[in-house]
Chemist: 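One structure is given below, represented as structure tokens, and several questions about it will come after.
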Amino acid sequence: MDDLELWGGLECTVNRVGDGFRDQFAESGHHDRPEDLDCIRALGIRTLRYPVAWERVSPDRPDIAEWGWYDARLDRLRQLGIRMIAGLVHHGSGPRYTDLLADDFAAGLARHARGVAERYPWIEDWTPVNEPVTTARFSALYGHWYPHHRDERSFWVALLNQIDGTRLSMREVRRINPAARLIQTDDLGRTYATAALQEQAAFDNCRRWMSWDLLCGRVTPDHRLWQRLCGFGLEDRLRAIADDPCPPDIVGVNHYLTSDRFLDHRIDRYPVETRGHNHAQRFADVEGVRVLQPPPPGLAGVLREAWARYGIPLAVTEVHNGSTREEQLRWTQQAWRTAHALREEGIDLRAITAWALLGSHGWNTLLTDTGTYEPGAFDVRGGEPRPTALAGLLASLAGAGPAEVHPVLAGEGWWSRPIRLHHAPVPRPARIREHALRESRPIASAAPILIVGAGGLLGGALAAACRHRDLHHVALHRRDLDLADADGIGRVLDVHRPWVVINAAGWVRIDAAETDPDACFRVNSEGAALLACACAERGIPTVGFSSDLVFDGAANALYTEAAHPAPLNVYGRSKAAFEAAIAGTRGDHLVVRTAALFSPFDPGNFAMQAMAALRDGEAHPVAADEIVSPTYVPDLCDAVLDLATDGATGLWHLSHGEAVGRAEFVGRLAAACGLDARSIASVPGAYLRRSAPRPAFTALASDRGQMLPPLSDAIARFAHEVRRGDAAHATTSRIA
């Protein structure tokens, strides 16, 4: 076999919900950035899944095609030497004048395919319809996408229309290019179940193959689902497909951590949102990796199954993990190593595809709402693609970059650790060796993250995030490191040899700084600069923290990174001095400005103090005339660790990007926590008689990319943790 190839792909869904179309190329900005293709080529990727989307080419009338945009992009792909796998419909229902259930869907898609092949006859590889089974399920069985049907017959009609569309499209393409290859993709997992649901699991595990079974001409009278489809009046269509099959040249397997499922009739064991039914039985449908012990065989398992079933060359056509950065790296590396291991077994596995290179939008809502953005090899939240650590790994796999191993890869993915279990474990029948407890890989040999100031709110939270993410780290308290001792700093760095230093130490007593400015500056400015210089001498990147209080509050819009500091108090001046010192220090340094930190895990935090006062019915004065951008500490920590992993440098504002008065914010927290907000005393800031002057408006936004989710989402998670803590406290009190 030839060497394993690294392919790439852009999330390119053009999807319809109701009367609205959603275009991932527009949301990622790729529509207006042809230079993205040069960035992808720089990774060493020479094969790219790229669409000539029916909905974009002929959106209004089938006889009018708009080719200009594609002419320019596809010409650039050829100049760059990138082989293209052409997609025509990607989780779509076609343009507005058709849909997955329309009689003309297949013929219309074939007409579009012929137009594409005539205009670009050099395209050899094709995926006319991406994931037909998945698209039919979401559009015609579950009703998430247009045409929003929710019945089984509609599902089968939608699937057959897509299969016919693929067959007819390849017929038209091969009239232009007889050597054209079909690379047929679908999501492939396995369904496990309790004994009471074994028939449902058996049906699911047969249905998952139907895209490839139909194309290979295997759905004949002896197929397990033949009679079921005939019962819906589809026998003639099945016979027509079986008589004129179109087997794929490569079976494209898309497998995610959510692809393997577990069905349990004991629904009370699971959250309400996991529950469903098949009209005869009710059950919970959860991710297999979250409940089965041992976990499912995952990607390796389904690839072995696909090879055994078809004996057709395979490719993993989507590898993506919408998670923290190190988990994205671990999932990609694991897929690559799995592919090599399977090739050693004799499986003809051609490629691994790095999917969603520019990230994806809204998949946490299945594209039914705005949702969140998940970065890929590039993060486009700042407008221009910013390479993430994943880009470095891909370049290394493709042979276009140094074969360096990022230190975060020393840890294991969450799917291999105890934290994967969100529900009571259910035994999975498996071979004895799969039941054996895996020994955790020691990661102490990997270079650590060095966290300075681990005794504070932020430092402690960063250490907790590292533990959760299986990131090797060393947490230093004040007694471990004196930031005024340059020699001591050097000794600590030489002993631990970190790959990054995160300085969360700082003087945080804003009012006390007014009477002891020298002490404040020694920690926040001078000591922080000493640490950064020592790191620079050793080639160690750093992360440091600044504050919204570097501003005077005179702005009439949220402050971005370009705003000029003009602090009103000593604390703000110490942070501005720190920023200036770092700017003048050689080396790789990231400075994070943030504001109004709140966390449910620190009782001394202002938000928790306010909630405690409200719980006790005590009057709690809060400034109403100070507008800030509250920042949820767990989200801040995740963003900081992602940026550190990416090697980001310079100044970055990290907040939720929302301006809100302090009193209003406490009220929103109280409402989310179910507390009576009437005890909140909304007062002018001057009423609080604090020593340090406070600016009236210091809300932060970022020109480099909004890394944190909406504030409302953070408040909901804060409240969930507060309620959980209250429940645990009540239980402990009853036992005592």
Side-chain angles (χ1 to χ4, degrees), residues 455-458 460-461 506-515 547-549 551 553 568-572 594-636 655-700 708 710-733:
L457 166 63
L458 185 52
W507 180 291
V508 296
R509 294 168 291 164
I510 297 171
D511 293 306
E514 296 296 312
T515 56
S547 167
D548 60 335
L549 293 180
F551 299 118
L568 298 182
N569 54 44
V570 170
Y571 175 83
T594 189
L597 304 184
F598 70 103
S599 169
F601 306 114
D602 176 51
N605 175 252
F606 86 95
M608 291 296 285
Q609 289 179 336
M611 296 305 100
L614 296 178
R615 191 180 296 109
D616 296 337
E618 299 174 358
H620 188 75
V622 185
D625 54 355
E626 294 174 10
I627 309 300
V628 294
S629 49
T631 306
Y632 190 51
V633 172
D635 288 343
L636 173 64
S655 76
H656 297 283
E658 182 176 338
V660 59
R662 285 187 177 271
E664 177 191 348
F665 175 60
V666 172
R668 288 171 64 178
L669 291 179
C673 293
L675 298 173
D676 188 349
R678 286 178 293 182
S679 298
I680 300 173
S682 182
V683 300
Y687 175 85
L688 300 176
R689 300 184 180 278
R690 296 165 296 186
S691 301
R694 269 33 173 216
F697 182 95
T698 58
L700 302 177
L708 274 57
L711 180 59
S712 57
D713 181 81
I715 289 173
R717 284 179 284 119
F718 171 89
H720 173 76
E721 294 295 340
V722 169
R723 289 193 297 268
R724 190 164 71 167
D726 289 346
H729 177 73
T731 299
T732 303
S733 298

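Numbers here are sequence positions counted from 1. For clarity, every value in this text was computed on a predicted model and none was experimentally measured.
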Chemist: Measuring only between side-chain heavy atoms, which start at C-beta, is Arg690 closer than 4.5 Å to Ile510?
Modeler: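 A side-chain contact under 4.5 Å is absent here.
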Chemist: Taking C-beta and beyond as the side chain, do Asp548 and Ser629 meet within less than 4.5 Å on heavy atoms?
Modeler: no
Chemist: Using a 4.5 Å cut-off on heavy atoms from C-beta on, say whether the side chain of Val722 contacts that of Met608.
Modeler: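 Yes, side chains in contact.
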Chemist: Measuring from atom CE of Met611 to atom CG of Leu675, what distance do you get when rounded to the nearest 0.5 angstrom?
Modeler: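 Output value for this atom pair is 6.0 Å.
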Chemist: Any salt bridge (charged side-chain N to carboxylate O under 4.0 Å, His left out) pairs touching residues 594-603, not counting sequence neighbours?
Modeler: none
Chemist: Indicate the atoms forming the closest heavy-atom contact of Arg662 with Ala623, along with that distance.
Modeler: CB-O, 3.3 Å
Chemist: Grab the two heavy atoms, one from Asn605 and one from Ser599, that are nearest each other, plus how far apart they are.
Modeler: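 Scanning both residues, the minimum pair turns out to be OD1-N, 3.1 Å.
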Chemist: Measure across Ala595 and Thr631 and return the closest heavy-atom pair with its distance rounded to 0.1 Å.
Modeler: O-OG1, 3.0 Å
Chemist: Where do Asn569 and Pro693 come nearest, in terms of heavy atoms and distance?
Modeler: ND2-O, 2.9 Å
Chemist: Return the NE2 to SG distance between His720 and Cys673, rounded to the nearest 0.5 Å.
Modeler: 11.5 Å
Chemist: How far apart are the closest heavy atoms of Ser679 and Glu618, and which atoms are they?
Modeler: CB-O, 3.2 Å
Chemist: Could you tell me the separation between the OG1 atom of Thr594 and the CG atom of Leu458, rounded to the nearest 0.5 Å?
Modeler: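 Separation between the atoms: 8.0 Å.
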Chemist: CZ of Arg668 to OG of Ser712: how many Å apart, nearest 0.5 Å?
Modeler: 6.5 Å
Chemist: Which distance, rounded to the nearest 0.5 Å, do you find between the CD1 of Ile680 and the CG of Leu614?
Modeler: 5.0 Å
Chemist: Is Asp635 reaching over with its side chain to a backbone N or O of Leu708, donor-acceptor style, under 3.5 angstrom?
Modeler: no
Chemist: Determine, stepwise, if the pair Ser691 / Thr515 fulfils side-chain contact (heavy atoms from CB on, under 4.5 Å).
Modeler: CA-CA 9 Å; Ser691 301; Thr515 56; 5.6 Å; no
Chemist: Quick one: pull up OG in Ser682 and CG in Asp625 and give me the separation to the nearest 0.5 Å.
Modeler: 8.5 Å
Chemist: Can Arg694 and Asp511 be counted as an ion pair, charged N to O under 4.0 angstrom?
Modeler: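 So Arg694 pairs with Asp511 through a salt bridge.
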Chemist: Between Pro603 and Gln609, what is the shortest heavy-atom contact and its length?
Modeler: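 Smallest interatomic distance, heavy atoms only, reads O-CG, 3.6 Å.
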Chemist: Please collect all ring-ring contact (aromatic ring centres under 6.0 Å, His included) contacts where either partner lies in residues 670-691, sequence neighbours excluded, each pair once.
Modeler: none
Chemist: Suppose we screen for salt bridge (charged side-chain N to carboxylate O under 4.0 Å, His left out). Which residues come up paired with Asp676, at least two apart in sequence or across chains?
Modeler: Arg678
Chemist: Give me the ring orientation class for Phe598 and Tyr632: parallel if the planes are under 30° apart, tilted from 30 to 60°, perpendicular past 60°.
Modeler: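 Phe598 vs Tyr632 ring planes: tilted.
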Chemist: Does the plane of the ring in Phe665 sit parallel, tilted or perpendicular to the ring in Phe606? Use 30° and 60° as the thresholds.
Modeler: tilted
Chemist: Could you tell me whether the side chain of Glu514 and the main chain of Val570 form a donor-acceptor pair under 3.5 Å?
Modeler: yes
